[in-house]
Amino acid sequence: MKSLAELAAIRAKMKDRVVLREGQGDIRVVVGMATCGIAAGARPVLSAFVEGVASEGLSDKVTVTQTGCIGICQYEPVVEVFESGKEKVTYVKMTADKAKEVIEKHLKGGTPVAEYTIGQNQ
Amino acid sequence: MKELSLNILDIAKNSVKAGAKLCKIEIIEDEETLTLRISDDGCGMTEEFLKNVTDPFCTTRTTRAVGLGIPLLKLEAEQTGGSFKIESRHESKYPDSHGTVTQATFYKNHIDMTPLGDVISSVVTLIQGDPQMDFEFVHTLSGREIRLDTRELREVLGDEVPLDLPDVLVWIRGNLEEQYRDASL
């Protein structure tokens with residue numbers, strides 16, 4: 001059973017590390033989670049980013065957040081990637097599989113996956 | 001929406017937007033019906049806004065003038081022969097007891113019933129999206145109960161460990177999965 005004791009263990013483990021998380025995160029991944037995004041399948045996309053960033057050990061560098069309607073509902077699920085000093089990258093019609101590829105090539109590798117960006121999907 | 005769990009996620013986001021401290025999500029099932037109730041202590045709606053809230057052209061969003069979240073839930077409930085109601089008290093009139101309760105009842109055996117779907121993912125997504133807020137989740141089916149209250153988790157985690165820490169989200173998902181397995185809901 002996932003007991004409260006296990007939760008307390010997480011607290012103990014994080015004691016020294018939590019401070020490091022604050023103020024970090026050079027890359028911000030924002031997933032549109034309004035009615036339009038949710039209906040188009042944004043939930044599994046968000047889960048793929050949250051789980052992928054954790055499992056790839058990118059948590060210090062990447063934060064994943066949710067936002068409301070971005071205004072381009074016909075392209076949902078929409079994901080925006082903000083990186084300091086670089087131009088924003090907007091991915092459209094995302095899926096969990098595409099998210100995994102973005103984690104690998106863009107968040108880890110540093111090169112946006114051009115074929116999923118809005119520029120190539122109009 | 002393909003799953004009611006997605007409506008839950010969508011409607012609970014309104015509580016987030018209303019500045020609620022606590023959002024309670026209840027799923028109450030018997031053999032025939034499923035009732036979904038989402039209540040919050042957010043700012044509430046004015047009577048004027050409440051009157052129009054099931055109209056798709058009534059919305060708080062600023063990017064376009066259509067809001068489909070509440071109309072969709074109402075439609076999904078009514079297409080099973082069920083019902084929908086929403087009650088709200090705006091903070092201007094009820095400074096100490098404001099908030100909103102949205103409730104939809106579905107007839108589960110109706111051919112147009114939308115499946116409940118992956119509720120666990122919706123709960124985890126809500127907590128990940130707004131880890132400073134509290135969520136209470138209760139799912140009951142003929143005496144069996146699944147429960148999760150982020151206030152209780154917070155007590156164990158203390159102030160320094162946020163609820164959206166990946167390890168904590170994994171624990172929440174695992175905890176709910178085990179509860180569902182044990183209750184065989």
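Just so we're on the same page: letters track the sequence lines, and every chain starts at 1.
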Would you call B:R173 and A:S47 a side-chain contact if the rule is heavy atoms closer than 4.5 Å?
-> yes
For chain B, which of A:A39, A:A54, A:A5 has the most heavy-atom pairs under 4.5 Å?
-> A:A39
Between B:L165 and A:M14, which heavy-atom pair has the shortest distance, and what is it?
-> CD2-CG, 3.3 Å
Sort out for me which of A:V31, A:I10, A:L7 touches chain B most, counting heavy-atom pairs under 4.5 Å.
-> A:L7
Select one option (side chain, backbone, both, neither) describing which atoms of B:L169 are under 4.5 Å from chain A's heavy atoms.
-> side chain
From B:D10 atom CG to A:M33 atom CE, the distance as rounded to the nearest 0.5 Å | 9.0 Å
ILVMFWY cluster, B:L50 and B:L73 together (side-chain gap under 4.5 Å) = yes
Counting a contact as any heavy-atom pair under 4.5 Å apart, which residues of residues 110-137 of chain B contact chain A?
-> B:D118, B:S121, B:S122, B:T125, B:Q128, B:G129
Any link between B:L22 and B:L9 through a network of hydrophobic side chains (Ile, Leu, Val, Met, Phe, Trp, Tyr) touching at under 4.5 Å?
-> no
Atom group of B:K2 that falls short of 4.5 Å from chain A, counting heavy atoms | neither
Can you tell which part of B:E155 gets under 4.5 Å to a heavy atom of chain A, answering side chain, backbone, both or neither?
-> backbone
Does B:M45 share a hydrophobic cluster with B:Y94, counting links as ILVMFWY side-chain heavy atoms below 4.5 Å and allowing steps through other members?
-> no
With a 4.5 angstrom heavy-atom cut-off, which part of B:I11 approaches chain A: side chain, backbone, both or neither?
-> neither
Is it true that B:V138 and B:L176 fall in one hydrophobic cluster, defined by side-chain heavy atoms closer than 4.5 Å?
-> no
Among B:E177, B:E3, B:M1, who wins on heavy-atom pairs under 4.5 Å with chain A?
-> B:M1
Contacting region of A:V64 [heavy-atom separation from chain B under 4.5 Å] = both
Side chain B:W171, main chain A:L4, donor-acceptor under 3.5 Å = no
Is A:V89 reachable from A:L107 through a run of I, L, V, M, F, W or Y residues, each pair having side-chain heavy atoms under 4.5 Å apart?
-> yes
B:P166 and A:E51, any side-chain heavy atoms less than 4.5 Å apart = no
Atom pair CZ/CG of A:R43 and B:L6 - distance to nearest 0.5 Å = 4.5 Å
